[in-house]
Peer 1: 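What follows is a single structure, and I will ask about it in a moment.
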Amino acid sequence: MAKYLLLKHYRGAPAAGNDVPMDRWTPDEVTAHIGFMNDLAGRLEAAGELVDAQALAPEGTWVRYDGPGRPAVTDGPFAETKDLVAGWMAIDVDSHERALEVAAELSSAPGAGGEPLHEWLELRPFLEQPPTITE
Amino acid sequence: MTVDETLLRTLVPRVTGVLVRRGADFAAAEDAVQDALVEAVRTWPTDPPRDPKGWLVTVAWRRFLDATRSETSRRRREVRVEDEPGPGPAAGADDTLALYFLCAHPSLTPSSAVALTLRAVGGLTTRQVGEAYLVPEATMAQRISRAKRTVAGTRLDQPGDLGTVLRVLYLVFNEGHSGDVDLVAEAVRLTRQLLAAVDPAHDARPEVAGLLALMLLHHARRDARTAADGSLVPLAEQDRSRWDTGAITEGVEVLQAALARDRLGPMQAEAAIAALHADAASVAETDWVQVVEWYDELLRLTDTPVVRLNRAVAVGEADGPRAGLAALADVNDAVPRRTAVEAHLRERDGDRATAARLYAEAARAASSTAERDHLVRQAARVNQG
């Protein structure tokens with residue numbers, strides 16, 4: 001088994017195939033999209049492959065340590081040009097091929113006109129524990 | 001047969017109170033009661049006790065002694081606790097109330113107070129509390145033991161502030177429910193139990209009743225608030241035949257009895273507003289003028305940005321969108337949901353382009369996926385029009 005993170009971007013990913021902003025869809029298309037996402041998460045959970053799925057607010061802040069006794073340094077909200085993660089789904093699957101399959105299915109979620117989004121998702125393997133048997 | 005866990009959990013604060021009066025410190029007593037609950041769930045289905053509370057006290061006390069002994073022998077200290085304590089004074093409402101105060105102690109952060117209340121007063125397990133707030137059990141266990149250390153030096157017989165207890169219960173109710181425990185129902189149960197424990201002559205009792213009424217009146221609408229697919233249904237579109245009339249009737253009665261005491265507070269005012277909504281057959285038939293009057297009252301009692309925002313919504317319904325927008329001018333831009341409220345008022349005022357832009361903006365600022373999805377749908381709807 002191997003864990004993968006599927007990252008969805010607000011910004012920074014290549015443009016989706018069906019690239020119409022969500023507030024320009026019809027309400028039914030929005031509903032269909034959300035239904036598809038929930039349904040997929042439900043199926044992955046039933047298959048024992050879902051680890052976690054979370055959505056993030058678009059507004060965030062950069063923070064860093066600024067020395068003892070000083071308040072943290074902050075920067076933000078993020079500039080428009082920066083890569084911005086919208087949310088993730090973590091899965092635990094048997095193979096890289098299966099991870100690609102799940103990502104492709106997620107990317108096929110319906111968008112404007114009920115057509116698949118063809119959205120680019122970022123697939124990142126988790127670094128795992130070293131194996132018990134090494135030789 | 002299964003154990004009635006809710007009934008079992010009503011005994012928790014009283015059993016803990018008995019252990020504390022026998023000389024156990026709060027943290028150890030609370031752990032011992034948790035152990036006894038686990039034991040009860042395991043053995044009661046096949047071997048139900050005749051006196052559930054006596055059974056819990058006996059088992060919890062034994063657990064406490066075992067834990068104290070192993071702790072003391074580990075530290076090579078003397079056993080200081082007597083095996084067979086004399087019977088303490090009768091346990092009752094006082095113990096329950098004392099535990100509420102302790103778990104909502106002002107030295108605790110809100111999240112710690114909530115977690116401790118659900119465990120030590122509500123009798124939930126750490127796993128259940130963790131699940132309900134979507135944090136790992138180990139994290140919740142740390143939060144609870146830190147909270148217990150914080151209140152370790154507080155004596156149980158000190159009178160506390162009912163206001164802090166009400167805020168904790170309000171938080172439990174308002175944050176909703178997940179996991180295998182229904183936190184909304186649990187908050188109602190704990191508030192009901194609190195009301196029963198407070199002296200009828202206590203000045204703050206009407207506010208406890210006000211909170212119970214507020215919860216019942218909102219709880220009554222819960223089924224109608226979400227559609228089958230999990231999406232939010234706003235008040236205006238709710239199928240009011242799905243409201244729980246039993247809960248509404250009880251809420252109104254509790255509220256009327258509280259208002260008769262003439263000790264108005266914010267909880268009663270909020271409950272009065274909820275009662276006016278519950279009483280109306282539709283949004284159009286709602287007595288918005290009276291709703292605005294209650295918001296004026298609430299503003300006098302507690303002038304918060306959220307109250308101002310909700311008042312602006314009511315003004316919009318009572319006197320039209322222009323008046324609502326004027327009232328909104330007094331609300332700080334940073335208040336959550338302000339943009340969504342303005343979008344709604346702009347749409348009613350006929351400015352669809354601005355409304356669509358504001359709905360989309362509000363969606364980006366939403367703090368939950370259900371709210372975000374709802375606002376995206378609103379933006380989409382107005383753009384289509």
Side-chain angles (χ1 to χ4, degrees), chain A residues 3 6 8-12 16 18-43 45 50-61 76-80 82 84-90 106 109-115 117 119, chain B residues 130-131 133-137 139 178-180 226-234 236-237 333-340 342-344 346-347 351-385:
Chain A
K3 291 196 179 65
L6 276 69
K8 181 183 166 70
H9 293 252
Y10 283 118
R11 290 195 298 265
N18 182 3
D19 196 18
V20 180
M22 210 166 180
D23 60 345
R24 295 283 157 185
W25 305 357
T26 68
D28 285 349
E29 286 161 4
V30 174
T31 301
H33 175 84
I34 293 161
F36 177 95
M37 301 296 268
N38 291 339
D39 180 60
L40 177 59
R43 277 183 289 124
E45 190 170 18
L50 183 71
V51 177
D52 188 25
Q54 297 289 341
L56 299 172
E59 292 287 315
T61 311
F78 308 135
E80 282 292 326
K82 280 175 189 155
L84 192 55
V85 173
W88 71 76
M89 188 180 266
L106 195 58
E115 294 299 315
L117 277 178
E119 177 182 30
Chain B
E131 259 182 19
Y133 288 100
L134 305 175
V135 300
E137 184 176 352
T139 305
S178 51
D180 68 350
T226 28
D229 64 359
S231 59
L232 283 183
V233 183
E237 290 160 31
D333 278 350
V335 179
R337 283 183 47 241
R338 186 194 187 282
T339 310
E342 185 176 348
H344 173 72
R346 294 281 176 206
E347 186 189 352
D351 184 354
R352 300 180 69 88
T354 306
R357 181 177 60 73
L358 290 171
Y359 274 128
E361 191 183 308
R364 284 192 295 276
S367 60
S368 74
T369 46
E371 191 188 340
R372 180 196 62 189
D373 294 345
H374 172 71
L375 291 166
V376 167
R377 247 187 232 108
Q378 296 295 317
R381 179 183 54 76
V382 178
N383 272 324
Q384 291 298 306

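The chains referred to below are lettered A, B, ... by the order of the sequence lines, with proteins before strands, and numbering in each begins at 1.
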Peer 1: Quick one: CD1 on A/Ile34 to CZ on B/Arg372, what's the gap to the nearest 0.5 Å?
Peer 2: 7.5 Å

Peer 1: With heavy-atom distances below 4.5 Å as the criterion, would you say the side chains of B/Asp229 and A/Asn38 are in contact?
Peer 2: no

Peer 1: So with a 6.0 Å cut-off around CZ of B/Arg381, is the heavy-atom count from everything else above 12?
Peer 2: yes

Peer 1: Minimum heavy-atom separation for A/Pro27 and B/Ala380, please, with both atom names.
Peer 2: N-CB, 3.9 Å

Peer 1: Taking all non-hydrogen atoms of both residues, which atom of A/Arg24 and which atom of B/Gln384 are closest, and how far apart?
Peer 2: O-NE2, 3.8 Å

Peer 1: Specify which of B/Val382, B/Asp373, B/Thr369 makes the most heavy-atom pairs with chain A at under 4.5 Å.
Peer 2: B/Asp373

Peer 1: Indicate yes or no for a side-chain donor-acceptor contact from B/Asn383 to the backbone of A/Asp23 under 3.5 Å, with no hydrogens or angles considered.
Peer 2: yes

Peer 1: About how many Å separate NE2 of A/His33 and CZ of B/Arg377, when rounded to the nearest 0.5 Å?
Peer 2: 11.0 Å

